[in-house]
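Structure, as structure tokens:
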Amino acid sequence: MKARILLIEDNEQNRYLARFLLEQGGHEVLQAETGPLGLEMAARTRPDLILLDIQLPGMDGHAVARTLKSDETLRSVPIVAVTSYAMAGDREKCLEAGAEGYIEKPINPETFLSEIEAFLRPRA
Amino acid sequence: MGTSAPKVERILEQAQSTEDRLPDDQHNRRARHKDAEAASAASASASPIPSAAALADAEQTLRSEMLFSETLLESLPGIMYFYDSTGRFLRWNRNFERVSGYTAEEIAAMHPLEFFAPQDRPRVEARIAEVFTVGESSVEAPFQTKRGELIPYLLTGRRVEYHGRTCLLGVGIDITARTEAQAKLEQSERKYRELVEHANSIILRWDRAGRVTFLNEFGLRFFGYAEEEIIGRHVIGTIVPKTETGGRNLERLMEDICARPEAFEQSINENVRHDGERVWISWANRIERDERGEPIGILSIGTDITARREAEERLRQSEAHLREAQRIAKIGSWELDLSTCRIKWSGQTSEIFGLSPAHSSGTYQEFLTFVHPDDLAALEAAHRAALEGSARFDIQHRIVLRDGTEKVVHQIADVKRENGVPVSLAGTVHDITDRARIEAERERRHRAEAADKVKSAFLATMSHELRTPLNSIIGFTGILLQELAGPINAEQRKQLEMVRSSARHLLALVNDVLDISKIEADQLVIAREPFDLTASITKVLSLVTPQAREKGLAMHVELPSDLGQMIGDQRRFEQILLNLLSNAIKFTEQGEIGLIAERLSCDASTGQAAVNVRICDTGPGIKAADLEHLFEPFRQVDSGLARRHEGTGLGLAICRRLTQLMGGRIEVESEWGKGSTFSVTLPLAVRGN
């Protein structure tokens, strides 16, 4: 099943890496560098899944997730948080903010695609 | 009469000589006695005619008798009078005239009742009548003189038949002295009775048997008894309770008082009123004794001190409350007399300054010796400012006790002025040592927390900054090795695998450093979620088994299929096992690696259900000297080995901290050259942090 995935990530190389792997799976990848841009793009494109980096400059991933979940039209879009914090309570914080999934950096390129696809749900 | 004859003679002679010297009025009085003389003459004439000699003799005898009775009458100390039943005076003595102040003519014309005041007349009249009917009587009545004076007299009357007429012979004695004495006595008695009756004290007399024989009016009113209700009754059970509220038994009070009277001269008892109300009375007790000295009763004078006692008790309680309040609040009070420079202070102030409670005053100079030298100037400035009126005395400073203890006190005081002149400084001293310490501690903790936040933020940043490039390196290396970006040759694969291996090692180092840093900064959270132990251990084994196989090491596994669930942090549990197994494989060149897991229903050291996993190897073992430092960070033993065996030296330190955080323990047994066994014991229900 091909999906439209919105990638919100500030690091260019990591964005490229994730896009490369997701496109290997045949998915359409939309990219945003910052939280506000991501929100704007999400509202405009209604993606099937949002891959959200937590350590974003300015508006961080938690705030982006909360904003997405408070939006009627975007509430149902699954969010997978990607974080390199791995600090106390990180996972809980992400889930609290509304993320459905949680992946730690560095990603494993061999399993990354299947991990993401597990969160895809049939299009409404 | 014979024996008194010579006396009679003497009296007669005296009478004769007296008559010779009688003044005219006396001679006149003679004339007034003519009736009597006539009577004598009549009597003499009634007898047979005697001879002249006999007549002269008889006359002589008669004269003597008359002289005798005359003299007798006149020598009587009192008054004498003689009147007939109609009240006509027949005779009286000179005293009667002298006392009454009336002349003989006046008396002769008067009636006996005229010598009495109108109010006394009926009484006297009755007595006079009694004389005439019964024969004699007496009466005490004031004798009224011509001048209207009333003189108390005891009058005695006797009926006398005289020449056929019934007469009254009366004698009166002046009883002024006796009456006055009696009146004085009565007055005195009345005075004392009034004193006793109306004294504002309880006056009680009780006999040897303990019965009330007297209780004054005040006492009756005080205890609420009518006289007839209390007199004759035992004091115990009436005004004295059997036991005091305080428990003192009073039943033997009487015996006690008699046995030790001196101890009871003053005593304070609890008494009881008729209505049951308890009262406190201060008694003065005096034993009354009979002529042989035997105690016959006790005279007790009591004062109600209930109100005083209550006031004293209230004062005592109030003082106790103040003391208690000062003790609890650690606030003492003091007052400095500015004219004498002496300070008086409360017990709590003594306590704060480490002085004995008896030490309750001293000089201002003495107080200054307690002040911390560095705070002295500020204190004196505050003192001056307070006296000048420019600022309230309100200062926090340190004091140094005699034993060297340092305390922090907060003092507040107000200046008392008289006519604008400061006379004293009264204030409180509050021991705020604990509060100051707590504030210092809070400040320290606050700084520590701020530092922790900085540390935490630093760790997060480091984690992010280190992982972001590693994400690229590992990710792209993986993509290339999977040939997702196109085919690669064997050499390229070999080199890319070296990149990936180094990147993975670098990641392991980063992870370990971050882990230990997180633990040190108390930033590591232990999850509490249920997971299956057998499955978890199996997963770890699957990760390390390929490495063991690569090195040609055998795996010996004893893993029950029903270890059950553990509530804890699965990831950290697996991290510990993975670390220990990786170490075992890393350091063992030949032989086997063992894993033995078992469930302990009751861990010997904690008493809780636990899981124990032992990991054994046939590696080089650890020297005894190294064992004690084995779990310390950055302590990989044998630097020679370190070069051969890559690692941060943090693995075991992390394992130990993690097991501790989960409420478990890690132990090691090793023999140099024979191998090591690491044993991890964790409770099945991990406490969260």
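As a basis for the values below, the full set of heavy atoms in this structure was taken, side chains included, without hydrogen atoms, waters or symmetry mates. To find a chain, count down the sequence lines: A is the first, B the second, and so on, and within it residues start at 1. A quick note: this is a predicted structure, and the numbers were derived from the prediction, not measured.
- Ranking B:T468, B:N511, B:T477, B:L481 against chain A, the residue ahead of the rest is B:T468, based on heavy-atom pairs under 4.5 Å.
- Atom-to-atom distance recorded for A:E104:CD and B:R571:CZ is 4.5 Å, nearest 0.5 angstrom.
- For B:L507, the part lying under 4.5 angstrom from a heavy atom of chain A is the side chain only.
- Options A:I107, A:D53, A:N108, A:L21 differ in how many heavy-atom pairs under 4.5 Å they form with chain B, and the most are formed by A:I107.
- Once rounded to the nearest 0.5 Å, the distance linking CZ of B:F476 with CZ of A:F20 reads 8.5 Å.
- A 6.0 Å sphere centred on OH of A:Y16 holds no more than 12 heavy atoms belonging to other residues, nucleotides or ligands.
- Contacts between A:N11 and chain B at a heavy-atom distance below 4.5 Å involve the side chain alone, from C-beta outward.
- Residue A:Q24 touches chain B through its side chain alone, counting heavy-atom pairs closer than 4.5 Å.
- Rounded to the nearest 0.5 angstrom, A:K105 NZ and B:S472 OG are separated by 8.5 Å.
- The two residues A:P109 and B:G478 make their nearest non-hydrogen contact at CG-CA, 3.7 Å.
- Scanning both residues, A:P106 and B:N471, for their nearest heavy atoms gives CA-OD1, 3.0 Å.
- Crowding of B:M555 atom CE: a count of heavy atoms from other residues, nucleotides or ligands under 6.0 Å exceeding 12.
- How far CD1 of B:I473 is from CG of A:L17: 11.5 Å, rounded to the nearest 0.5 Å.
- Around atom CD of A:E12, no more than 12 heavy atoms belonging to other residues, nucleotides or ligands sit under 6.0 Å away.
- For chain B, no part of A:F112 is nearby; none of its heavy atoms comes within less than 4.5 Å.
- With a 4.5 angstrom heavy-atom cutoff, B:A485 touches chain A via backbone and side-chain atoms both.
- Within 6.0 Å of CZ in B:R549 there are 12 or fewer heavy atoms belonging to other residues, nucleotides or ligands.
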